[in-house]
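Just so it is clear, the structure is predicted and the values come from calculations on it, not from any experiment. Computed from heavy atoms alone, side chains included, the values below leave out hydrogens, waters and symmetry copies. By convention in this document, chain letters (A, B, ...) are assigned in the order of the sequence lines, proteins followed by strands, and residues within each chain are numbered from 1.
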Amino acid sequence: MPKFYLTTAIDYSNGDPHLGHALEKVGADCIARYRRLRGDAVHFVMGMDEHSQSVIQAAARGGVAPQEWVDRMAARFAGFWRRLECSNDDWIRTTEPRHARAVTELLRRIEAKNPDDLFVAEYEGLYCTGCEEFKSESQIVNGHCIEHPTLELVPTRERNHFFRLSAYRDRVLEAITSGAFRVEPAIRRNEVVRLLESGLQDISVSRVRQPWGIPFPGDAEQTVYVWFDALINYLAAAGFPGAGYERLWPADLHVVGKGITRFHCVIWPAMLIAAGIELPREVWAHGYVQWEGTKMSKTAGTAVTLDDAIARHGPDPLRYFLLREVGFEADGNFSWERYDERYTADLADGLGNLASRGLQMIVKYRGGVVPDGGPTSLDAAGAEAVERYAQAMDALDLRAGAEAAWGLVGAANLYVQTTAPWSLAKAGRETELDGALAAVARALYRLAVLASPFMPGKARELWSDLGQPGDAAAADWASLGHPPVSGRTVAKPAGLFPKPLPT
RNA sequence: GGCAGGGUAGCUCAGCUGGUUAGAGCACGGCACUCAUAAUGCCGGGGUCGCGGGUUCGAGUCCCGCCCCUGCUACCA
């Protein structure tokens, strides 16, 4: 059984998660669930980045100590991911001892293996005394910090530890172009390759005046810079440096947002090469959720809250909408109108109604017991949908995967309309009726399984309505060839996706 | 500015190495059906394929120019 170690970015503990965070977690979860269906031993990790400067500020605003603040935020984030049925096997927080151990050890290994690549130098920049941090050009407007426009920025130099990133350009570039380290989708790979080709600067990897962080080994005055710290969570969660961490490492897939590809595709591999550790197999950088075509920003207050989005139709429809309509590659839009349209068309009138009519016919004409029947044209459509679905999902094209699965809904509705079981019943054509009802049950079985990575809860409901034991998520992939539905007693469906819509 | 990607029906998108009347889903209109969540099926209206040139027997699909949008342009999870 091949292992599949999958991670999401760990989130800053500075505010509630929004739809953008949700897209990433739900997308990664969909991949994790699909890999499990295919028989992989999946290890799926999510977590929190708790050492950032913004944490200290947020904690101060909240009037609590940093640790209390991050504990609170971690619980909040985890609560949302549980509501969205994320199936992560682990939850790592950078304030945990296991993480600090990994960070310390990674630095030690770089030091041991490439002593010249960690060095001390002066960092010079504009320091904001309000934020207590250096500001980059993009954070400065009219010569002042965006957040503290009344304060003067102070030109400051400090002694920092640096990582000789520039020394790793060729090796990182080679890993990417050779395909040993895949960066997807292609647009992100192009950006990274261009960046590498244009050359790299060394980066500072420590900070002074930052009590909230991991002490830099051998230098009590400094803490490890938050980015250098955060990336190592992937290794820490695998058990590094403990014995046997190679059972999970290298990671098969890091799912991240497009805004942080540089860290994952340039700095991270360089760090690993420097320490003599294998590179992850792949980074997938998804796009952002936009609100009716514009950037969703919590500071601008335009963002719809995750709470509201979940409340509208429940967690499963939200998962479906994010992955089917917004998409996991380029940026996509969220709007209530589109959300309602998708809900009505694809879920209530589509899958929901199909389940309803199919199951009720079995109840009405066969006392709820699925009859026997040979393969039909609907099974051919089912096999084709499964094939297209697998191809798309293997390529992490979740939108196309959902499309392939829902194509089977259309095929099944057409099949029902064409065979008209109600006419067969009236005419007493029992064998044909058996065949049609069994074919529809098989389509529903396939749909429950294919839908499970997208809508685990609803798939479970449908599975149970079909009289199947256990969970659709645990179904044997091979059973999609010949779904074992005959003889099962189906339930009169309660209605998977209720209508009318809430107002 | 540089680099990258994109502009195809009201909306979301598909159209591989150029080839008959440009497609799907949703939305809209009509018809049919009744097992079903007033659901489903069929038919239909609707597109100068961003604009202008060019290559070709033939271009949404290649070349040139222009317009517009988005992303990246290093320490922003």
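Here the separation of B:rG46 from B:rA27, taken at their C1' atoms, is 12 Å to the nearest Å. On the C1' atoms, B:rU17 is 23 Å away from B:rA24, given to the nearest whole Å. A distance of about 25 Å separates the P atoms of B:rG5 and B:rG52, rounded to the whole Å. For the C1' atoms, the distance linking B:rU61 with B:rG25 amounts to 23 Å, nearest Å. Rounded to whole Å, the separation between the P atoms of B:rU8 and B:rU70 comes to 15 Å. Using atom C1' as the reference point in both B:rA59 and B:rU48, the two lie 15 Å apart (nearest Å). Distance noted for atom P between B:rC11 and B:rG53: 26 Å (whole Å). The P atoms of B:rC63 and B:rU56 are separated by 16 Å, rounded to the nearest whole Å.
Between the side chains of A:Asp340 and A:His313, at least one donor-acceptor pair of N or O atoms lies under 3.5 Å. At a cut-off of 3.5 Å, with distance as the only test, a side-chain donor of A:Gln67 or A:Asp71 sits close to an acceptor on the other residue. Checking A:Asp202 against A:Ser166 by side-chain atom types alone, a donor-acceptor pair falls below 3.5 Å.
Residue-to-nucleotide proximity on RNA chain B shows that, of A:Arg399 and A:Trp422, the 5′-proximal contact is made by A:Arg399. If A:Gln201 and A:Asp349 are placed on RNA chain B by their nearest nucleotide, the residue sitting closer to the 5' end is A:Asp349.
Across all strands, A:Gly352 comes closer than 4.0 Å to base atoms (heavy-atom distances). Using a 4.0 Å heavy-atom criterion, one finds that A:Leu200 contacts the bases of the nucleic acid, with or without backbone contacts as well. Nucleic acid contact for A:Leu231: base, since at least one base atom lies under 4.0 Å from a heavy atom of the residue. Among the protein residues, A:Asn353 comes within range of the nucleic acid bases, having at least one heavy atom under 4.0 Å from a base atom. Heavy atoms of A:Arg338 sit under 4.0 angstrom from at least one base atom. Across all strands, A:Gly199 comes closer than 4.0 Å to base atoms (heavy-atom distances). Residue contacts for A:His264: at a heavy-atom cut-off of 4.0 Å it reaches a base atom on one of the strands shown. Among the atoms of the strands shown, only primed sugar atoms or phosphate atoms (P, OP1, OP2) are found under 4.0 Å from some heavy atom of A:Glu325. Among the atoms of the strands shown, base atoms are found under 4.0 Å from some heavy atom of A:Ala348. No contact: A:Leu354 has no heavy atom under 4.0 Å from any strand. Looking at heavy-atom distances under 4.0 Å, A:Phe497 makes contact with a base. Within 4.0 Å of A:Leu414, counting heavy atoms only, lie sugar-phosphate atoms of the nucleic acid but no base atom.
A:Leu447 has its CG atom 20 Å from the P atom of B:rA36, to the nearest Å. Here the C1' atom of nucleotide B:rU70 and the CD1 atom of A:Ile187 are 8 Å apart, to the nearest Å. Following rounding to the nearest Å, A:Asn160 (CG) and B:rA74 (P) show an atom-to-atom distance of 19 Å. What separates CG of A:Asn190 from P of B:rG6 is a distance of 10 Å, to the nearest Å. In this structure, A:Glu329 atom CD and B:rU12 atom C1' are separated by 15 Å, rounded to whole Å. The CG atom of A:Asp49 sits 14 Å away from the C1' atom of B:rC75 (whole-angstrom rounding). Between A:Tyr415 atom OH and B:rU40 atom P the separation is 20 Å, expressed in whole Å. In this structure, CE of A:Met361 is placed 18 Å from P of B:rA39, rounded to the nearest angstrom.
In terms of phosphate contacts, A:Tyr225 brings a side-chain nitrogen or oxygen within less than 4.0 Å of OP1 or OP2 of B:rC76. For A:Gln417, no side-chain nitrogen or oxygen approaches OP1 or OP2 of B:rU34 to under 4.0 Å. Distances shorter than 4.0 Å separate some side-chain N or O of A:Lys499 from OP1 or OP2 on B:rA39.
In this structure, of B:rA74, B:rU12, B:rU70, it is B:rU70 that holds the atom nearest to the side chain of A:Asp331. You'll find that the side chain of A:Tyr365 is closest to B:rC35, out of B:rC35, B:rG41, B:rC75. Distance from the side chain of A:Arg207 is smallest for B:rC75 among the nucleotides B:rC35, B:rG71, B:rC75. Minimum atom distance to the side chain of A:Gln360 is reached by B:rU37, of the listed B:rU12, B:rC26, B:rU37.
Tested against A:Leu165, the residues A:Ile203, A:Val172, A:Asp117 include a single side chain to side chain contact (heavy atoms under 4.5 Å, CB included) partner, A:Ile203. For the ring pair (Phe, Tyr, Trp, His ring centres under 6.0 Å) with A:Phe263, the qualifying choice from A:Tyr234, A:Trp227, A:Tyr225 is A:Trp227, the only one to do so.
Of the possible donor and acceptor atoms, none in the side chain of A:Asp394 sits under 3.5 Å from a partner among the backbone N and O of A:Gln391.
Base-pairing analysis of RNA chain B finds the following stems of at least three consecutive Watson-Crick or G-U pairs, with both pairing distances under 3.5 Å: B:1-7 with B:67-73, B:10-13 with B:23-26, B:28-32 with B:40-44, B:50-54 with B:62-66.
Here the two rings, on A:Tyr168 and A:Phe163, have centers that are under 6.0 Å apart. Aromatic pair A:Phe334/A:Tyr339: ring centres closer than 6.0 Å. A distance of 6.0 Å or more separates the ring centres of A:Phe181 and A:Trp268.
Atom CZ of A:Arg189 sits in a crowded spot, with more than 12 heavy atoms from other residues, nucleotides or ligands closer than 6.0 Å. In the displayed structure, A:Glu430 atom CD is contacted under 6.0 Å by more than 12 heavy atoms of other residues, nucleotides or ligands.
Using a 4.0 Å cut-off between a side-chain N of Lys or Arg and a carboxylate O of Asp or Glu, A:Glu341 and A:Arg338 qualify as a salt bridge.
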Could you list, one pair per line, each protein nitrogen or oxygen that sits under 3.5 Å from a nitrogen or oxygen of nucleotides 1-3 of chain B, together with the distance?
unit_1: B:rC3; atom_1: O2'; unit_2: A:Arg194; atom_2: NE; d: 2.5
unit_1: B:rC3; atom_1: O2'; unit_2: A:Arg194; atom_2: NH1; d: 3.2
unit_1: B:rC3; atom_1: O2; unit_2: A:Arg194; atom_2: NH1; d: 3.4

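A cation-pi arrangement is present between A:Arg164 and A:Phe119 under the rule of less than 6.0 angstrom and at most 45 degrees off the ring axis.
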